[in-house]
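Residue numbering restarts at 1 for every chain, and letters A, B, ... go by the order of the sequence lines.
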Amino acid sequence: MMRILEVLQARLAIALAQFPLDVQSYASQIRPTNNAKFGDYQANCAMPLKAVLNEPPHQIAERIVAALQVRDLCEPPEIAGPGFINLRLRDDWICEATIAMLNDDRLGVPDPPNSRTILIDFSSPNVAKPMHVGHIRSTVIGDALANVFRFLGHRVITDNHLGDWGTQFGMIIYGYKHFVDESAFSQSPVQELVRLYRLVNSLVDYHAAIAALPDAQETADQAAVAAEQAERAARDAEVAQPERRKRKQAAQTAKRKSLAARETLEGLQQKIAQIDIDPAMQTLAASHSKIAGDVLRETAKLHEGDRENLGLWQKFLPHCSDEINRIYDRLNVRFDHTLGESFYQPMLGDVVQRLVDEGLATESEGAICVFLEGFDAPLIVRKKDGAFLYATTDLATLLYRNEHFRPDEILYVVDSRQSDHFDKLFALAPQVGLGHLRLVHVQFGTVLGPDGKPLKTRSGNNANLETLLDDAVTAAMEAVCEPERSAKLQPPLTDAERQQIANVIGHGAIKYADLSHHRTSDYRFSLKKMVALEGNTVAYLEYAYARIQGIFRAGETTEAEIAANATRLEINHDAERELAISLLRFSEALQQMAEDYAPNALVDYLYDTARRYMVFNDNCPILKAPDSATKDSRLALAAVTAKVLRAGLRILGIEVVPRM
RNA sequence: GCGCCCAUAGCUCAGCUGGAUAGAGCAACGGACUUCUAAUCCGUAGGUCGUAGGUUCGAAUCCUACUGGGCGUACCA
């Protein structure tokens with residue numbers, strides 16, 4: 001089995017060979033139609049050829065069609081409009097190709113002509129602090145990409161580049177030295193470390209907020225005055241129209257700025273109030289007034305190899321790993337390697353030295369910098385105080401990966417805010433002998449709250465990821481348990497089944513919401529929508545899948561049995577045809593997802609397929625089909641659908657449930 | 001100041017290297033459960049694709065300018 005699109009392109013290329021031109025670029029101008037009356041696929045190459053061949057496009061289309069050999073898979077091509085060539089797949093061909101998927105674990109996906117080794121760097125949280133919602137995108141998108149490239153037949157290496165060497169360790173080291181509750185630590189080290197991190201962090205924030213307060217107050221006051229002035233100016237009735245509209249807009253902008261400044265101010269006040277409200281905390285804050293600097297000193301001591309701090313770091317690290325691994329277990333995400341920043345720490349000096357030796361890096365304002373063409377700011381690889389930066393680590397990581405994993409391609413699934421950094425890193429790569437690597441920053445947007453601003457909790461902290469997962473599972477459980485719905489299932493769901501469904505739907509909802517948006521766009525997070533049972537949600541896909549399994553149970557058969565016995569498919573209804581074509585396009589959907597590193601392409605496809613299944617399900621009785629041939633055919637169609645949905649969801653990192 | 005990204009239905013979002021009448025979901029309204037789970041299906045309504053130009057057979061898509069928003073911008077990651 002090959003991809004339909006590829007087959008048609010190849011045939012078209014042959015038909016175009018009669019013309020003296022770059023055949024491939026024209027042959028690729030073939031795509032699925034957006035309207036069934038134009039067939040299933042359309043070739044659009046005749047129109048642009050008008051200018052090249054100096055002939056009416058309709059006539060060109062006729063010459064192409066005359067040479068086009070697709071009789072084995074298409075109805076006779078039709079020419080429509082200015083010169084579109086419409087292709088309609090033959091029903092018998094569709095049936096044969098679809099039934100072939102039934103016993104094909106690769107579901108019609110061809111082996112890649114050139115298998116690549118792709119290293120994917122994703123998730124990469126800072127350990128020693130709880131994972132928050134900001135980590136969900138990298139983790140979920142990265143995992144889905146790893147899955148799709150593996151499914152397509154590439155060699156995939158996943159690497160979790162942990163932040164295990166930064167300031168957050170200074171925080172817990174400081175916290176441990178001053179505030180540890182030893183019995184709590186021995187009982188539940190992870191919990192105690194999280195408590196210490198939060199405590200130190202809030203004290204640091206407290207002092208920072210107090211320091212920033214006067215400026216913020218002034219900014220807010222000025223913005224408020226400016227907003228008022230702009231508002232007055234806009235209301236001036238003497239002003240004529242174009243100027244007036246301008247002033248109105250200016251007033252709005254000023255108002256927004258004023259509001260933003262006020263929110264910043266209130267955020268600071270809140271951080272201060274959190275401490276001030278608690279006398280014990282206030283005392284702590286007073287006796288740790290230089291905490292920010294002290295934390296940095298603890299970090300610096302760690303980096304310098306201080307015995308005590310290094311010992312603490314080694315003591316903490318396994319517990320930090322436990323903490324993040326618990327989340328990965330819940331999300332069912334695994335990594336081939338977990339080489340954090342600390343792993344590369346011993347190599348950093350050599351990397352900088354090499355850059356200096358090769359004349360790529362120079363000293364500027366006390367720092368060691370690489371000045372790159374086309375960039376205003378340099379890539380700084382060593383600070384003036386001698387410390388290394390993440391540019392240094394990333395470069396060392398890149399060199400190491402090249403040497404040890406020999407990848408063809410490296411994907412960095414990282415926040416789009418870091419695009420500048422990666423642009424520079426990628427610009428430098430060819431100069432250190434890595435020109436053969438295809439380096440891609442698979443960037444993604446921000447998760448926003450209901451207010452359209454980055455998702456935070458009420459207290460202004462990043463929303464905790466585990467809490468989010470818990471909430472999603474709880475919401476899913478409520479839905480699953482709704483008596484009216486549960487009553488329809490015979491036998492009734494057991495408690496274990498309910499828990500399983502809630503887990504799959506709850507976690508799936510978070511992943512699905514994330515993956516269903518284009519990765520580069522920011523999206524608005526809404527738990528309510530995610531776990532809703534209506535519309536484009538994970539529950540819809542799961543429901544479609546469960547319905548299929550329900551039919552197999554009622555018919556006392558299994559997918560394996562259907563696959564073993566199915567001989568042929570027939571198409572008697574539009575819904576059958578629509579569904580079958582959709583199933584045949586699975587391979588195309590994966591291809592598209594891989595090409596753009598865009599999981600939403602697969603999500604869209606799966607949702608569309610599930611919908612077509614539902615239409616089929618509504619219109620075409622399966623077990624009660626008019627005759628046994630129809631019944632077998634429809635069972636086979638349902639079985640392929642189940643396979644496609646399961647495989648697709650698995651690529652997205654989502655499991656399926658047999659009943660719901 | 002400079003750089004990158006974005007602007008599509010009341011809301012949340014798709015729209016593949018330019019293709020025929022711009023699509024989903026939610027919300028609204030109207031239908032369909034004696035028939036394999038109505039967590040479903042069918043229908044109605046809703047859009048000068050931010051504005052103005054340009055490129056061409058053809059533009060939401062490419063180019064330019066403008067408006068508005070987000071993010072980044074020399075020693076955090």
Would you say A:S419 reaches B:U73's phosphate, i.e. side-chain N/O to OP1/OP2 under 4.0 Å?
no
With a 4.0 Å limit, can you tell me whether A:R524 has a side-chain N or O closer than that to the phosphate oxygens OP1/OP2 of B:U12?
yes
Whole-Å gap separating C1' (B:A77) and NZ (A:K424)
13 Å
Side-chain donor/acceptor of A:D618 to base of B:A38, under 3.5 Å
no
For atom P, what is the distance between B:C11 and B:C16, given to the nearest Å?
22 Å
Taking atom C1' in both B:G69 and B:C6, compute the distance separating them and give it to the nearest angstrom.
8 Å
What's the closest nucleotide to the A:P378 side chain, out of B:A74, B:C36, B:C41?
B:A74
Under 4.0 Å, heavy atoms only, any strand: does A:A601 hit a base, just the sugar-phosphate, or nothing?
nothing
Is B:U73 paired to anything, Watson-Crick or G-U wobble with both distances less than 3.5 Å, and if yes, which nucleotide?
B:G1
P atoms of B:G54 and B:A22, separation to the nearest Å
23 Å
If we ignore angles and hydrogens, is there a donor and acceptor under 3.5 Å between the side chains of A:N617 and A:Y613?
yes
Taking CZ from A:R382 and P from B:C76, how many angstroms apart are they, rounded to a whole number?
14 Å
Could you tell me whether A:H421 contacts a base, only the sugar-phosphate backbone, or nothing, with contacts defined as non-hydrogen atoms closer than 4.0 Å?
nothing
May I ask you to check whether A:Y344 and A:H161 place their ring centres under 6.0 Å from each other?
yes
With a 4.0 Å limit, can you tell me whether A:N600 has a side-chain N or O closer than that to the phosphate oxygens OP1/OP2 of B:G15?
yes
Using atom C1' in both nucleotides, what's the gap between B:A9 and B:A60 to the nearest angstrom?
14 Å
Check this for me, if you would: do A:D514 and A:K511 make a salt bridge, where the nitrogen-to-carboxylate-oxygen distance has to be below 4.0 angstrom?
no
Would you mind classifying the nucleic acid contact of A:P32 as base, sugar-phosphate or nothing, using non-hydrogen atoms under 4.0 angstrom?
nothing
Does A:M47 reach a base, just sugar-phosphate, or nothing at all? Heavy atoms under 4.0 Å.
base
Take the angle between the ring planes of A:Y523 and A:H517 and call it parallel below 30°, perpendicular above 60°, tilted in between.
parallel
Under 4.0 Å, counting only non-hydrogen atoms across every strand here, what does A:A554 touch: a base, just sugar-phosphate, or nothing?
sugar-phosphate
Think A:K488 has a side-chain N or O under 4.0 angstrom from the OP1 or OP2 of B:A39?
yes
Would one find a side-chain N or O of A:Y540 under 4.0 angstrom from OP1 or OP2 of B:C41?
yes
Sub-4.5 Å side-chain heavy-atom contact between A:T630 and A:P621
no
base_contact_polar (B:A39 base, A:Y543 side chain, donor-acceptor, <3.5 Å)
no
Using the P atoms only, state how far B:G50 lies from B:A59, rounded to an integer number of Å.
15 Å
Non-hydrogen atoms of A:L515 and A:A144 that approach each other most closely
CD2-CB, 4.3 Å
Using the P atoms only, state how far B:G58 lies from B:C66, rounded to an integer number of Å.
27 Å
Considering only the P atoms, how many Å lie between B:C33 and B:C42, rounded to the nearest integer?
16 Å
Identify whether any heavy atom of A:P82 sits under 4.0 Å from a base atom; if not, whether one sits that close to sugar-phosphate; answer base, sugar-phosphate or nothing.
nothing
For the C1' atoms, the ones on B:G72 and on B:U8, what distance do you get once it is rounded to whole angstrom?
26 Å
Any base atoms under 4.0 Å from A:N34, or only sugar-phosphate, or nothing? Heavy atoms, all strands.
sugar-phosphate
For B:U40, which nucleotide is its Watson-Crick or G-U wobble mate, given both distances must be under 3.5 Å?
B:A32
OH of A:Y523 versus C1' of B:C11: gap in Å, rounded?
17 Å
So, does the side chain of A:R417 form a donor-acceptor pair with the base of B:U73 at under 3.5 Å?
no
Is it true that A:F422 and A:Y412 have ring centroids separated by less than 6.0 Å?
yes
Atom CG of A:D522 and atom P of B:G70: how far apart are they, to the nearest Å?
11 Å
What is the nucleic acid contact for A:C45, judged by heavy atoms within less than 4.0 Å: base, sugar-phosphate only, or nothing?
nothing
Check against side chain to side chain contact (heavy atoms under 4.5 Å, CB included), A:I548 and A:T641:
CA-CA 8 Å; A:I548 297 172; A:T641 308; 3.8 Å; yes
Once you apply the 3.5 Å cut-off to both distances, tell me the Watson-Crick or G-U wobble partner of B:U61, or none.
none
Would you indicate what A:A544 reaches in the nucleic acid, counting non-hydrogen atoms under 4.0 angstrom: base, sugar-phosphate, or nothing?
nothing
Spell out yes or no: do the side chain of A:S364 and the base of B:A74 have one donor N/O and one acceptor N/O closer than 3.5 Å?
yes
Classify A:F371 by what it touches in the nucleic acid, base, sugar-phosphate, or nothing, heavy-atom distance under 4.0 Å.
base
When you check the glycosidic angle of B:C57, does it come out syn, meaning within 90° of 0, or anti?
anti
Does A:E365 or A:T446 map to a spot on RNA chain B nearer the 5' end, using the closest nucleotide for each?
A:T446
Does A:I368 or A:I501 map to a spot on RNA chain B nearer the 5' end, using the closest nucleotide for each?
A:I501
Which value, rounded to the nearest 0.5 Å, describes the distance between A:R611 atom CZ and A:N536 atom CG?
8.0 Å
Answer with base, sugar-phosphate or nothing: what part of the nucleic acid does A:R611 contact at a heavy-atom distance below 4.0 Å?
sugar-phosphate
Nearest-neighbour nucleotide for the A:C369 side chain, B:A74, B:C16, B:U37 considered
B:A74
Scan A:N44 against the nucleic acid and name what it touches under 4.0 Å (heavy atoms): base, sugar-phosphate only, or nothing.
base
Ion pair A:R634/A:E576, N-O distance below 4.0 Å
yes
Closest to side chain of A:E534, choosing from B:C26, B:A20, B:C2
B:C26
Just checking A:Q42: base, sugar-phosphate only, or nothing, at a heavy-atom cut-off of under 4.0 Å?
base
Between the base of B:U21 and the side chain of A:K37, is there a donor and acceptor pair under 3.5 angstrom?
yes
A:H517 has its side chain closest, among B:U40, B:A14, B:C36, to B:A14
Rounded to whole Å, CD of A:E341 lies from C1' of B:A77 at a distance of 7 Å
Please confirm whether the shortest side-chain N or O distance from A:R547 to OP1 or OP2 of B:A38 is below 4.0 Å.
yes
Side-chain N or O of A:H518 closer than 4.0 Å to phosphate OP1/OP2 of B:C16:
no
So which nucleotide does B:U67 pair with, by the Watson-Crick or G-U wobble rule with both distances under 3.5 Å?
B:A7
Return the value, rounded to whole Å, for the distance between atom OH of A:Y613 and atom P of B:A38.
11 Å
Classify the nucleic acid contact of A:S28 as base, sugar-phosphate or nothing, counting any heavy atom under 4.0 Å across all strands shown.
base
